[in-house]
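Throughout, protein chains are lettered first and strands after them, A, B, ... in sequence-line order, and every chain is numbered starting at 1.
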Number of protein chains: 2
Amino acid sequence: MSRTTLSGRLYEIRPMGKRLAFAVLRCPDREYLCVFPGRPRIAEESVVRLTGTLRATTKSRKFSEEIVVDDYEVTGENTSTTTARMRQLPYSREILTEQHVHMRLPEVHRRLLTKWTAIKAVRDLMENEKYVEVQSPRIVGHMADGPTMKFKVDFFGQEAYLTLSNLLFHTAFAAGDFSSVFEISPLFRADINHSSQHLSEFLILEATAAYRNRDDMIALSDRIVRTVCAHTGAPVADRHLEDVPVVTYEEVLAITAKDEECAPLTRGNRIKRYHARSVARHLGRTLFWVIDMPAAHKAFFSSTRHERLGGNEVEVANDFRLYWDEVDIIDGGERVTSPERLRQRMAEQQLDAEHFGYYLSVLESGLPPLTGFGLGIDRLMAKCMGLGNTRQLVPFPRFVDHLEP
Amino acid sequence: MSRTTLSGRLYEIRPMGKRLAFAVLRCPDREYLCVFPGRPRIAEESVVRLTGTLRATTKSRKFSEEIVVDDYEVTGENTSTTTARMRQLPYSREILTEQHVHMRLPEVHRRLLTKWTAIKAVRDLMENEKYVEVQSPRIVGHMADGPTMKFKVDFFGQEAYLTLSNLLFHTAFAAGDFSSVFEISPLFRADINHSSQHLSEFLILEATAAYRNRDDMIALSDRIVRTVCAHTGAPVADRHLEDVPVVTYEEVLAITAKDEECAPLTRGNRIKRYHARSVARHLGRTLFWVIDMPAAHKAFFSSTRHERLGGNEVEVANDFRLYWDEVDIIDGGERVTSPERLRQRMAEQQLDAEHFGYYLSVLESGLPPLTGFGLGIDRLMAKCMGLGNTRQLVPFPRFVDHLEP
């Protein structure tokens, strides 16, 4: 038994007749059972400072100690809503305006903590893999050129954009002899998309390595995914995380053609969610890689090659994309390093070569063979935690028509 | 002796007569001395794949092994500039357009690597201190209100801004029972400032802790600064990093009043660089804290108190600011947690309370006592490395009229 003073937020105030009340005090490090002599005049979920006697208890299953309160002070009164009210609401815009209360719910709190500590675990892994986290700008000029919708920024009267990708800068770092770089940072896309998977501002891990090819980067990606799954306790069997199968786009054509439950993929078209589900079913696997996508699907900096497939002369990318069931989590590929080839690719995609003058000069300074990828952190975490909505992992999400708070 | 194939960038090609040439091959993990049979047809700083015999050498002070090359292939030709040319240039806009070559210079390379690995060391420290790295949005609405110049973003036709600070969001996380949070992330300021210290987009460490006061956060800050100094090998004596002195604004008034080499600080005015230098001289210290600044200098969310000082009734902040000689590195303070007091502070600063409706609702949900700070990563690193220009630590800096690359 010892006198003590504790500060924390008070939950679950339960009067037991007139002479006794129980409550739970949540402190930064742990929770305490509180015993009040009579009903305290404290609004649920206020911040309080309690003074009393700490002693062992056998009355509770959850707590081994209780504090018998003889004095208290409310230092931060809750005059607003409570988690009990939050629990009654479906995930909605109403919750988005009460995020600070919503994240007090134990399951929401645990989910966010798991995500954020998993990101640290990924940074530790990347350091062990000898990757260094570099720093690319969020505000960019012509480097944002391309067909993707972007947010405009007024940069001292000049039109600028929020960055769509760090990968072009990572190529510059590779030219500067930083051979293995990554960045966990927010990217921005201004497309009007009402899907619950979609965020206008989203966290991504992008990595680029010199002297590494597609196989090397698939192996690294597999290690990252395994690390995140282990950290988050993802309910996915170990066998799905080992020897993740690799299928070609050509094989996806064949698999979906034979699947009677699924409209077949047509050569040259993009893989839709139901095609990915068909492949997962066919393989009996949760995770799988698709490689050798049509070159026309890939950005101008992607390296490609000609292949004779199914009687057709096709141009395929030296790329790799990880699917977790129907959702693509990682997208990467080997890079064009020849300035001549880059000019061709830009012409094919009708990009203004002048706008990529800097990128071209990076290639002209001599590039090692390069492979890079982007991994959608929120998508991967949502899959690991079995959430249908990636927005639930971002306390202050940004999407069309949602800017506040 | 063993046959080997190595890929890397070739530096310092030195012909020794017609039958021999030396060069240095920089690979991701280390450098090799190369011996060519005759002068190779390779442009300086191209990426090459060499095949030859690896053997021990005693001829070089720097290398214990050399590769005697019998075959080579240029896989990434440098048709652009070289580091030798970079070395001739003063730090200038010309270098900014050749960053990828500039960062090949060993001293530039080492400096960037030191900075980026120091950031990881800070993340590790914060994890040990039980802080969790959270995620605040870069695109904000009314939360950016205030006198600071901000960048406008067109958010689906709505006027939005690039964030000036994460600290208001950190308060929301504290309300959500995340009691110790931080974030290392870019912030944005659109002020037209041509100083070499100034960046429009800059990396900052912001931290907020519940149930922690100014003394606690000064102690944490000291640990962070010591960690960064140790990691970067800053040429600052240990005694400057231990028991960093704390002086009040009132004491700064007195110190500068007595300093004949310095115009005195006038009560109510801001501390200028020459005042800070005067204090450093007076204390005989490189680093020192200034506390109890005039309340009018501080943001609306800063907690303040009345004091009778030098015969005057003054309102001072419960704040703390770290100076490294003349440069302020850290700025922090205890926070207003009472909704009534926050309304007063907003009225004093003529802020539109309606625009901070969300922040007010966070306080109304019950806040623990809170203290937070921001640490300018680039400023601290520049001091640690003895650089006068923080832009040298940011390969793709953003400042007025500088957007590309």
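Of all the listed residues (B/Lys120, B/Gln158, B/Lys152), the one sharing the greatest number of non-hydrogen pairs under 4.5 Å with chain A is B/Lys120. Per-residue heavy-atom pair counts under 4.5 Å with chain A were compared for B/Thr337, B/Val153, B/Val48, and the maximum is reached by B/Val153. Comparing B/Glu45, B/Met103, B/Arg104 by how many heavy-atom pairs each has under 4.5 Å with chain A, the most go to B/Arg104. Options B/Tyr359, B/Tyr211, B/Tyr161 differ in how many heavy-atom pairs under 4.5 Å they form with chain A, and the most are formed by B/Tyr211. Each of B/Val400, B/Thr79, B/Thr75 has some count of heavy-atom pairs under 4.5 Å with chain A, and the biggest count is that of B/Val400. Heavy-atom pairs under 4.5 Å with chain A peak, among B/Pro405, B/Ser179, B/Ser365, at B/Ser365.
Within the 4.5 angstrom heavy-atom criterion, no atom of A/Ile119 approaches chain B. Contacts between A/Ser136 and chain B at a heavy-atom distance below 4.5 Å involve the backbone alone (N, CA, C, O). Only the side chain of A/Lys115 has a heavy atom closer than 4.5 Å to any heavy atom of chain B. Interface residue B/Pro368: backbone and side-chain heavy atoms are both found under 4.5 Å from chain A. Interface residue A/Leu367: only backbone heavy atoms are found under 4.5 Å from chain B. Heavy atoms closer than 4.5 Å to chain B are found nowhere in A/Phe356, neither backbone nor side chain. Heavy atoms of B/Pro137 lying under 4.5 Å from chain A belong to its backbone as well as its side chain. If you measure heavy-atom distances from B/His102 to chain A, you find no contacts under 4.5 Å at all. For B/Val140, the parts sitting under 4.5 Å from any heavy atom of chain A are the backbone and the side chain alike. For B/Ala174, the part lying under 4.5 angstrom from a heavy atom of chain A is the backbone only. Of the two parts of A/Glu133, the backbone and the side chain both hold a non-hydrogen atom closer than 4.5 Å to a non-hydrogen atom of chain B.
Judged by distance alone, with hydrogens and angles left aside, the side-chain atoms of B/Asp124 form no donor-acceptor pair with the main-chain N or O of B/Glu127 at under 3.5 Å.
Counting only N and O atoms by type, the side chains of B/Ser180 and B/Glu129 include no donor and acceptor under 3.5 Å apart.
Note: A/Phe182 and A/His170 fail the aromatic proximity criterion, with ring centroids not under 6.0 Å apart.
With sequence neighbours excluded, the residues satisfying ring pair (Phe, Tyr, Trp, His ring centres under 6.0 Å) with A/His100 are B/Tyr358. Take B/Ile204 and apply the side chain to side chain contact (heavy atoms under 4.5 Å, CB included) test, not counting sequence neighbours, and it matches B/Leu187, B/Phe202, B/Glu206.
Under 4.0 Å is where a charged nitrogen must lie from a carboxylate oxygen, and between B/Glu159 and B/Lys150 no such pair does.
Residues A/Thr390 and A/His198 are not in side-chain contact: their nearest non-hydrogen atoms beyond the backbone lie 4.5 Å or more apart.
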